[in-house]
Amino acid sequence: MNLSDLCRFQTEEIRLKTGKIREDLQQEGAGMGSDAVQHALLVYAFEGAFAERGILWKGTQEVYNRSPYCLKEELWEQAQQHLWISRPQTAGGRRLLVFYEPKAAFGVSGYRFAVIADVTDLERSTRQLFFSGLGIACVLLLLTGAVLCRSIFRTVRPLMTLRQAAVQIAGGAYESRAIVSGKDEIAQVTRSFNQMAGQVQEHMARLEDANEKQRQLLVLRCAINGEYSA
């Protein structure tokens, strides 16, 4: 149950109990015209309905209050609408909501009342639930970040290996190859790169072989020309 649910529940409960008090007054006070008798019956019925949670006034005079809390009446004394609900306030080390009715529908004019609801445990459980949810969200965020970093590393590492092999081949180390891992698209690109590197190595070997043959031929030609000149 959250604070909104509690307010709806308490509001409905107060309306039902107010109606019950009105019915009791109509039944018990039938034929009794004395205001004192009606007042006594009302206070008795109000005590039975709200006990230590209720405060009852007749005009400006407080006629019933068994509440252990000292509340600031000025917080709600300006309320004009029926069943005004205060914001949570602190009294006696507890967090309280006050439901204030400036015009009590008891069938007897001149009365107003307030009903107190202790929301300390509700606020505590709400805070605990909030921080628990926040902790779970942080853990999930960390786990998601770890999985994402691992995935990025596994994706970037073959590319870095491929780049390193390309730099080595460009520097003349034609025997260099990139390490192939997995069967994904990057692995296919790496295999194609290694095949290309092998072809480049073979081409460079053939060029070196041709250059060596040309050098030997040139040396032989120079030697022959030298003999004829002699």
Side-chain angles (χ1 to χ4, degrees), residues 1-140:
M1 178 182 293
N2 55 33
L3 195 59
S4 298
D5 294 335
L6 176 65
C7 289
R8 286 193 295 268
F9 175 79
Q10 289 291 336
T11 299
E12 185 62 24
E13 180 188 28
I14 290 171
R15 287 174 178 169
L16 291 175
K17 289 186 175 181
T18 299
K20 182 66 168 56
I21 291 173
R22 182 173 60 251
E23 292 177 1
D24 291 345
L25 288 178
Q26 290 173 353
Q27 293 176 1
E28 298 293 337
M32 298 181 181
S34 171
D35 291 341
V37 172
Q38 288 187 341
H39 174 75
L41 290 174
L42 174 58
V43 173
Y44 178 78
F46 185 84
E47 180 181 12
F50 299 109
E52 295 183 353
R53 298 191 301 130
I55 305 173
L56 179 66
W57 294 271
K58 183 177 183 181
T60 58
Q61 181 182 4
E62 184 178 277
V63 296
Y64 177 85
N65 186 359
R66 298 287 180 85
S67 168
Y69 307 111
C70 181
L71 302 176
K72 298 179 181 180
E73 186 178 348
E74 61 270 16
L75 294 177
W76 67 80
E77 64 182 1
Q78 300 299 323
Q80 298 298 323
Q81 71 271 28
H82 291 291
L83 205 56
W84 176 82
I85 304 174
S86 74
R87 294 182 177 181
Q89 55 182 290
T90 302
R94 308 292 291 180
R95 295 286 289 169
L96 308 174
L97 278 182
V98 179
F99 296 78
Y100 176 67
E101 177 57 81
K103 297 178 181 180
F106 294 140
V108 181
S109 62
Y111 287 90
R112 57 195 177 96
F113 69 90
V115 177
I116 301 168
D118 191 336
V119 295
T120 306
D121 295 336
L122 178 61
E123 287 192 345
R124 183 183 298 113
S125 62
T126 301
R127 284 195 302 270
Q128 291 175 348
L129 183 62
F130 170 76
F131 286 115
S132 296
L134 183 62
I136 293 173
C138 290
V139 171
L140 291 177

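All heavy atoms count here, side chains included; hydrogens, waters and symmetry mates do not.
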Asks: Under 3.5 Å, is there a donor on one side chain and an acceptor on the other for Arg22 and Gln27?
Replies: no

Asks: Taking the side chain as every heavy atom from C-beta outward, state whether Leu6 and Leu122 have any atom pair closer than 4.5 Å.
Replies: yes

Asks: Run the salt bridge (Lys or Arg N to Asp or Glu O under 4.0 Å) test against Arg66 and tell me which residues pass, sequence neighbours left out.
Replies: Glu47

Asks: Might you confirm whether atom OH of Tyr64 has over 12 heavy atoms from other residues, nucleotides or ligands at distances under 6.0 Å?
Replies: yes

Asks: Do the two ring centres, one from Phe113 and one from Phe99, sit under 6.0 Å apart?
Replies: no

Asks: Within a strict 4.5 Å, meaning less than it, do heavy atoms of the Gln10 and Leu97 side chains meet?
Replies: no

Asks: Less than 4.5 Å apart, any side-chain heavy atom of Leu42 and any of Asp24?
Replies: no

Asks: Is the shortest heavy-atom distance from the side chain of Phe106 to the side chain of Leu56 under 4.5 Å?
Replies: yes

Asks: To the closest 0.5 Å, what do you measure between OG (Ser109) and NZ (Lys58)?
Replies: 8.0 Å

Asks: Report yes if some heavy atom in the side chain of Val119 is under 4.5 Å from a heavy atom in the side chain of Leu96; otherwise report no.
Replies: no

Asks: Quick one, Glu101 with Thr18, criterion side chain to side chain contact (heavy atoms under 4.5 Å, CB included). Give me CA distance, side-chain angles, the key distance, then yes/no.
Replies: CA-CA 10 Å; Glu101 177 57 81; Thr18 299; over 6 Å; no

Asks: Do the side chains of Lys17 and Glu13 get close enough for a salt bridge, i.e. N-O under 4.0 angstrom?
Replies: yes

Asks: Return the minimal non-hydrogen interatomic distance between Trp57 and Thr60, and the atom names on each side.
Replies: CD1-O, 4.2 Å

Asks: List the steps, then state whether salt bridge (Lys or Arg N to Asp or Glu O under 4.0 Å) holds for Arg94 with Glu123.
Replies: CA-CA 10 Å; Arg94 308 292 291 180; Glu123 287 192 345; over 6 Å; no

Asks: With a 4.5 Å heavy-atom cut-off, do Ile116 and Ile55 have their side chains touching?
Replies: yes

Asks: What verdict does the side chain to side chain contact (heavy atoms under 4.5 Å, CB included) test give for Lys103 and Arg112, after you've listed the backbone C-alpha separation in whole Å, the side-chain angles of each residue and the deciding distance to 0.1 Å?
Replies: CA-CA 5 Å; Lys103 297 178 181 180; Arg112 57 195 177 96; over 6 Å; no

Asks: Does the side chain of Arg95 pick up a donor-acceptor pair with the side chain of Thr90 at under 3.5 Å?
Replies: yes

Asks: Do the non-hydrogen side-chain atoms of Leu41 and Phe46 ever get within less than 4.5 Å of each other?
Replies: no

Asks: Taking all heavy atoms of Leu25 and all of Gln38, pick out the closest pair and write down the distance.
Replies: CD2-O, 4.1 Å

Asks: Which value, rounded to the nearest 0.5 Å, describes the distance between Arg124 atom CZ and Thr126 atom OG1?
Replies: 11.0 Å

Asks: Does the side chain to side chain contact (heavy atoms under 4.5 Å, CB included) test come out yes or no for Tyr44 and Ile21, once each step is laid out?
Replies: CA-CA 9 Å; Tyr44 178 78; Ile21 291 173; over 6 Å; no

Asks: Would you call the rings of Tyr100 and Trp84 parallel, tilted or perpendicular, where under 30° means parallel and over 60° means perpendicular?
Replies: perpendicular

